[in-house]
Protein chains: 2
Amino acid sequence: MRYYTRLGLLKPAKSVNGYKSYSNKEVSRLKFILSARNLDFSVADIKEIINESEDGKSACPLVRSLIKERLEETEKQFQAMLALRGKMSSALSQWEEMEDKAPTANMVCHLIENFEQIKKA
Amino acid sequence: MRYYTRLGLLKPAKSVNGYKSYSNKEVSRLKFILSARNLDFSVADIKEIINESEDGKSACPLVRSLIKERLEETEKQFQAMLALRGKMSSALSQWEEMEDKAPTANMVCHLIENFEQIKKA
DNA sequence: TTAGACCTGTGTCTAAGACACATGTCAAGT
DNA sequence: ACTTGACATGTGTCTTAGACACAGGTCTAA
């Protein structure tokens, strides 16, 4: 992707004509980036990881700690989506059985305005 | 929020001094917007719904059809997150037991580069 | 030689706000 | 009356991770 090149994650050497030349290194780096993106590392994370490894250090500890963070975030979002999904499907089924109403000065749509999640006791 | 005002969803009358005056209508409209956002309607959806209701029509059919769409999207994202979560936690536990390795010319971090999701048979 | 197919970097767009900023206005204290 | 500090205003920029477009350069085949 040109995007990664723009960010400086890839630095392809230009051949004489101006076209990019993709060395083995660039190719494997791109693969690395894509693998990392697949695991939900952010581009900033990846930058950090690459920097670490360019200093000759092992990036593994950093990688472990980052995945822990990202996993927690994902878990939170997952729970949020779970709740949202429940709320939405509850709304959908409620609304199927409610009649239409015309809007009023203070109400755009009663379906939404009067929707209350049925609490799970 | 000033954001909604910027988008023209709220049109508060300015009082003489330049401060906004929030009529009942504006207040209830803001509440409507927030309720709709809670149900994962996009701001564009909300705009559409409001337009419909400003024409005097009942927005209910539109609302029902939109929530259906949004719910399907949410379901997809939910499944994606479920898979992602599994992948990430699998990576995490795998990596806990693997040793650090220094980077090489073609490898940034072997944890990521060699990670393969264990397929569920 | 030239047409068409490819490549280049760069600029703008996305969603839903968050944050900052210069300016404007108010109430209270001196 | 004047000033200070606390709020309000609209507007501009920033965020993510790219997608798309565009003007221009370069290659290959006819």
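When reading the values below, keep in mind they use all heavy atoms of this one structure, side chains included, and skip hydrogens, waters and symmetry mates. Proteins come first, then strands; the chains are lettered A, B, ... in the order of their sequence lines, and each starts at number 1. All of these numbers come straight from a predicted model, not from anything done at the bench.
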- Query: When the distance from CD1 of I33(B) to C1' of dA16(C) is rounded to whole Å, what number comes out?
  - Reply: 13 Å
- Lys/Arg N to Asp/Glu carboxylate O, E75(B) vs R85(A), below 4.0 Å: yes
- Message: Show me the pairs that pass side chain to side chain donor-acceptor pair (under 3.5 Å) and involve residues 38-48 of chain A, at least two apart or across chains.
- Response: D40(A)-T74(A), S42(A)-D45(A), D45(A)-R70(A)
- Message: Any residue in residues 36-46 of chain B with a heavy atom nearer than 4.0 angstrom to DNA chain C? Just list them by number, or reply none.
- Response: R37(B), S42(B), V43(B)
- Task: For the pair K31(A) and N106(B), evaluate side-chain contact (heavy atoms from CB on, under 4.5 Å) and give the outcome as yes or no after the intermediate values.
- Result: CA-CA 10 Å; K31(A) 282 187 196 160; N106(B) 295 332; over 6 Å; no
- Query: Between atom CG in L7(B) and atom P in dG10(D), what is the gap in whole Å?
  - Reply: 13 Å
- Message: Name the residue from K25(B), R29(B), K20(B) that meets the side-chain contact (heavy atoms from CB on, under 4.5 Å) definition with P12(B).
- Response: K20(B)
- Item | Working for side-chain contact (heavy atoms from CB on, under 4.5 Å), residues L30(B) and Y22(B) | CA-CA 10 Å; L30(B) 178 57; Y22(B) 290 102; over 6 Å; no
- Roughly how bent is the helix from dT1(C)-dA30(D) to dT30(C)-dA1(D) end to end, in steps of 10 degrees, with each end axis from five pairs? 40°
- Task: May I ask whether L111(B) and L62(A) are part of the same hydrophobic cluster, defined by side-chain heavy atoms of I, L, V, M, F, W, Y residues being less than 4.5 angstrom apart, directly or through others?
- Result: yes
- Atom CG of D55(B): over 12 foreign heavy atoms under 6.0 Å: yes
- Length of the CG-C1' vector between L10(A) and dC7(C), whole Å: 16 Å
- Task: Would you jot down, in residue-number order, the residues of residues 17-30 of chain A having a non-hydrogen atom under 4.0 Å from DNA chain C?
- Result: G18(A), Y19(A), K20(A)
Report, one pair per line, the protein and nucleotides 10-14 of chain C atoms (nitrogen or oxygen only) whose separation is under 3.5 Å.
from, atom 1, to, atom 2, distance (Å)
dG11(C), N7, R6(A), NH1, 3.0
dG11(C), O6, R6(A), NH2, 2.8

- Query: Between dA16(C) and Y4(B), is there an OP1 or OP2 to side-chain N/O distance shorter than 4.0 Å?
  - Reply: no
- Query: Looking just at side-chain N and O atoms, do Q77(A) and E73(A) make a donor-acceptor pair shorter than 3.5 Å?
  - Reply: no
- Task: Not counting sequence neighbours, which residues clear ring-ring contact (aromatic ring centres under 6.0 Å, His included) with F41(B)? List them please.
- Result: none
- Item | d(CE, M1(B); C1', dT11(D)) in whole Å | 14 Å
- Query: Where does the angle between the aromatic ring planes of W95(A) and F115(A) fall among parallel (under 30°), tilted (30 to 60°) and perpendicular (over 60°)?
  - Reply: perpendicular
- Query: Is E113(A) reaching over with its side chain to a backbone N or O of C109(A), donor-acceptor style, under 3.5 angstrom?
  - Reply: yes
- Does H110(A) use its side chain to pair, donor to acceptor, with the backbone of C60(B) at less than 3.5 Å? no
- Between dG17(C) atom C1' and K47(B) atom NZ, what is the distance in whole Å? 14 Å
- Item | Main-chain N/O of K57(A) paired with E52(A) side-chain donor or acceptor, under 3.5 Å | no
